[in-house]
Amino acid sequence: MDSTTPAPGDPIPSTTRRTRWQEAGNSGNFGKRFAELVSSGEDIDGEARLADTLLPRGARVLDAGAGMGRVTAALLRRGHDVVAIEPDEALVRQARETYPGLPIEERDILDLGPDDGPFDLVVCVGNVMLYLAENTEREALRAMRTVLTETGRLLIGFHLQDAPPHARTYTPADFEADLTAAGLRVDLRAGTYQLHPANDTYSVWILSRAATDRHGPGI
């Protein structure tokens, strides 16, 4: 039996679980709001500017949970080779309307495998981690780690307080326990994408493969 095929009696695969984002049911409003910000000329590139500083020119980037594609578009303008994945059909459609030709796939983070990489950086921002299906956080972190280059990094950001409706509250301690279990380590934690000190409101994380995982097999 293939290792990805559930045996009789095994739990239902993670990708079939209803996500917190699906429970929220507000993808249309989210996409519309950011499309309006783009058309009005608002600065929505904060995450992309930080991502760009972590990369050599022409790096390969995965935008995981890309929403309506704003980070992907900003990194493409900066000369990187970017692939975006987003499981919400409405947001994928909005991304293609707002940014014609954007390389975005309707796909879940949990479906990622080694053959999808390697990437120099995986970007997972905008509260994506807070909207995953319950108890799939470690699976998502493992999946993103799997597609990194040996020295690749993860850029993750989410609210610690005042999370949006249906989003989970994810404490730094819980997140660090999950990332450690997923074979990752913390290179930097900050409070904003401009790297202000860590605080209790928002958290920005730069992660990489744990040292013991650099030359070893995947978990």
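Numbering starts at 1 and runs along the sequence shown. From a predicted model like this one, the values you see are computed outputs, not experimental measurements.
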Expected output: side-chain [X] to main-chain [Y] donor-acceptor under 3.5 Å:
X	Y	result
N127	H159	yes
H196	G191	no
R138	A181	no
E86	E106	no
R96	I104	yes
T171	D174	yes

Can you give me the closest heavy-atom contact between I109 and M144, atom names plus distance?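 Nearest pair, atom of I109 first, then M144: CG2-CG, 3.8 Å.
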Which pair of non-hydrogen atoms, one from L62 and one from F119, has the smallest distance, and what is that distance?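 For L62 and F119, the tightest heavy-atom pair comes out as N-CD2, 3.5 Å.
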CD of E134: more than 12 outside heavy atoms within 6.0 angstrom?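 At most 12 heavy atoms, drawn from other residues, nucleotides or ligands, come within 6.0 Å of this atom.
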Is the number of heavy atoms from other residues, nucleotides or ligands under 6.0 Å of Q194 CD greater than 12?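 Atom CD in Q194 is packed in, count exceeds 12.
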Can you measure from CG (L148) to CG (L121) and round to the nearest 0.5 angstrom?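 Spacing of CG (L148) from CG (L121) equals 8.0 Å.
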Which distance, rounded to the nearest 0.5 Å, do you find between the CZ of R142 and the CG of L184? 9.5 Å
Ion pair present between [X] and [Y], side-chain N to carboxylate O less than 4.0 angstrom?
X	Y	answer
R107	D116	yes
R168	E137	yes
R60	D120	no

Between S208 and R185: side-chain donor-acceptor atoms closer than 3.5 Å: yes
Any donor-acceptor N or O pair under 3.5 Å, side chains Q94, T98: yes
Throw together a table of side-chain donor-acceptor distances under 3.5 angstrom for residues 71-79, partners on residues two or more places apart or in other chains.
{"residue": "T72", "atom": "OG1", "partner": "D63", "partner atom": "OD2", "Å": "2.7"}
{"residue": "R77", "atom": "NH2", "partner": "D45", "partner atom": "OD2", "Å": "2.9"}
{"residue": "R78", "atom": "NH1", "partner": "A74", "partner atom": "O", "Å": "3.0"}

Between F158 and Y202, does the ring centre distance come in under 6.0 Å?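 Distance test on ring centres: not under 6.0 Å, no.
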